[in-house]
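Structure, as structure tokens:
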Amino acid sequence: MLYRSFIHLPRVGEARERALWEQGVLSWAHLLAARRLRGFSPEELSLFRRILLRCLDRFHDPHFWIRCLPRRHLWRLMPHFSGTTVYLDIETTGLSFKESHITVVGLYDGQKYQAFVRGQNLEEVPKILPRYQQIITFGGSRFDLPFLKVCFPEIRLPPLHHDLYYLFRRLGLRGGLKRIEVELGLVRPQEIARLDGLAAVRLWFRARLGDQKALETLLAYNQADVINLVTLAQIAWQRLWDQLDTPWGQP
DNA sequence: CATGGGTGAAGTCGACGGGT
DNA sequence: ACCCGTCGACTTCACCCATG
């Protein structure tokens, strides 16, 4: 996908990127080889070539792409950094950054789910997160990530963040995580299907009183939230891709 | 319940390609 | 060498709403 993108070139937006695609320039290689193109002066093309060579140099540098790509198109990077992605969802004792605190941080790297629990291993989170280049959340830009920064002021987060909440909103799917899951036909294990965030708060307090089963349920709930993010991210990416309506169809 | 980032529309500006 | 139209970038602003 990335090597088919031209939106990061200067004075190229959606319209001119499409103009390139429509005259058969479907990848950087095509552009690098092109002599003349309608709507682009030779001077502009040679500028583009210089930039694309630099893009090849920095191909795996997320900071570079975050600077180059317009915010609105950062989603294109998702599969590009899939090998170094972490999915994240937290549980807290409430909504207020001041009054509440984190109880569980759930991470999934595509292979393994890990829970970090307050009073056990929560302080490991700042050591783990910087290992990844890309982080995917649902509503994380307003909730999970600010909360983490309050809890761990020094924390270094992965440079690239995709908030599925906003991506789905753009796709016309409004509503919370659970609602969107239902809409897309994703299922949860029976025993946690009816839980929500408030239930998670109650489970935490029961766990603190020594109810071991409550902690297990809380972690199962968090795990379902986190792992569903993988499917949701794939769907969001696919739909955003479809929306581009490229001349050649599938990625 | 507290919280605050993202969206999208509208408007403006200015760069640039291309036709004359 | 010039002008025009197109298009991208940027700013402003009201509005929205899911998170535990």
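Below, chain A is the first sequence line, B the second, and so on; all start at residue 1. Values below: every heavy atom of this structure, side chains too, minus hydrogens, waters and symmetry copies.
Rounded to a whole Å, the CZ atom of A:Phe97 is 12 Å from the C1' atom of C:dA18. At whole-Å resolution of the value, CG in A:Leu145 and C1' in B:dT3 are 14 Å apart. If you take CG of A:Asp163 and P of C:dA18, they are 12 Å apart, rounded to a whole angstrom. Here C:dC17 presents its P atom at 14 Å from CG of A:Leu173, a figure rounded to the nearest Å. When rounded to the nearest whole Å, the span between CG of A:Leu74 and C1' of B:dG5 equals 15 Å. For A:Phe143 and B:dG4, the CZ to P distance is 12 Å, given to the nearest whole Å. At whole-Å resolution of the value, CZ in A:Arg206 and P in C:dG20 are 18 Å apart. Rounding to whole angstrom units, CZ of residue A:Phe48 and P of B:dG17 are separated by 8 Å.
Note on A:Asn222: nothing from the nucleic acid sits closer than 4.0 angstrom, heavy atoms only. The residue A:Arg11 sits close to a base: some heavy atom pair falls under 4.0 Å. At the heavy-atom level, A:Arg118 lies nowhere under 4.0 Å from the strands shown. Looking at heavy-atom distances under 4.0 Å, A:Arg38 makes contact with sugar-phosphate atoms alone, never a base. A:Glu99 comes within 4.0 angstrom of nothing in the nucleic acid, heavy atoms only. Heavy atoms of A:Phe40 sit under 4.0 angstrom from primed sugar atoms or phosphate atoms, though from no base atom. Using a 4.0 Å heavy-atom criterion, one finds that A:Gly139 contacts no nucleic acid atom at all. A:Gly13 comes within contact range of the sugar-phosphate backbone alone, with a heavy-atom separation under 4.0 Å but no base atom that close. Using a 4.0 Å heavy-atom cutoff across all strands shown, A:Tyr166 reaches at least one base atom of the nucleic acid. If you check every strand for non-hydrogen atoms under 4.0 Å, A:Gly140 touches nothing.
Contact check for A:Leu244 versus A:Trp241: side-chain heavy atoms found under the 4.5 Å cut-off. A:Leu203 has its side chain within reach of A:Leu195: a pair of non-hydrogen atoms, C-beta onward, lies under 4.5 Å apart.
Listed nucleotides C:dT19, B:dG6, B:dG17 differ in distance to A:Arg16; the shortest reach to its side chain belongs to B:dG17. Nearest nucleotide to the side chain of A:Leu95, out of B:dC1, B:dG6, B:dG17: B:dC1. Side-chain proximity of A:Thr92 to C:dT19, C:dG20, B:dG4: nearest is C:dG20. The side chain of A:Glu91 approaches C:dG20 more closely than any other nucleotide in the set B:dG8, B:dG5, C:dG20. The listed nucleotides are C:dC17, C:dT19, C:dG20; the one nearest the side chain of A:Val201 is C:dG20.
Defined by atom type and a distance below 3.5 Å, a donor-acceptor pair is present between the side-chain atoms of A:Glu14 and A:His73.
Side-chain N/O atoms of A:Arg169 include none lying less than 4.0 angstrom from OP1 or OP2 on C:dA18. At the phosphate of C:dG20, neither OP1 nor OP2 sits under 4.0 Å from any side-chain N or O atom of A:Ser100. Within the 4.0 Å cut-off from OP1 or OP2 of B:dT3, at least one side-chain nitrogen or oxygen of A:Lys98 is found.
Across all their heavy atoms, A:Thr137 and A:Leu229 have their closest contact at CA-CD1, 4.2 Å. Annotation for A:Trp28 and A:Phe6: closest pair CD1-CE2, 3.7 Å, computed over non-hydrogen atoms.
A salt bridge links A:Asp225 to A:Arg188: at least one charged side-chain nitrogen sits closer than 4.0 Å to a carboxylate oxygen.
At a cut-off of 3.5 angstrom, the base of C:dC17 holds at least one donor-acceptor pair with the side chain of A:Arg142.
Take the nearest nucleotide of DNA chain B for A:Arg170 and for A:Ser141: the residue whose nucleotide is more 5' is A:Ser141. Nearest-nucleotide positions on DNA chain B for A:Arg71 and A:Ser96 put A:Ser96 closer to the 5' end.
When ring centroids are compared, A:His80 and A:Trp237 stay outside the 6.0 Å threshold.
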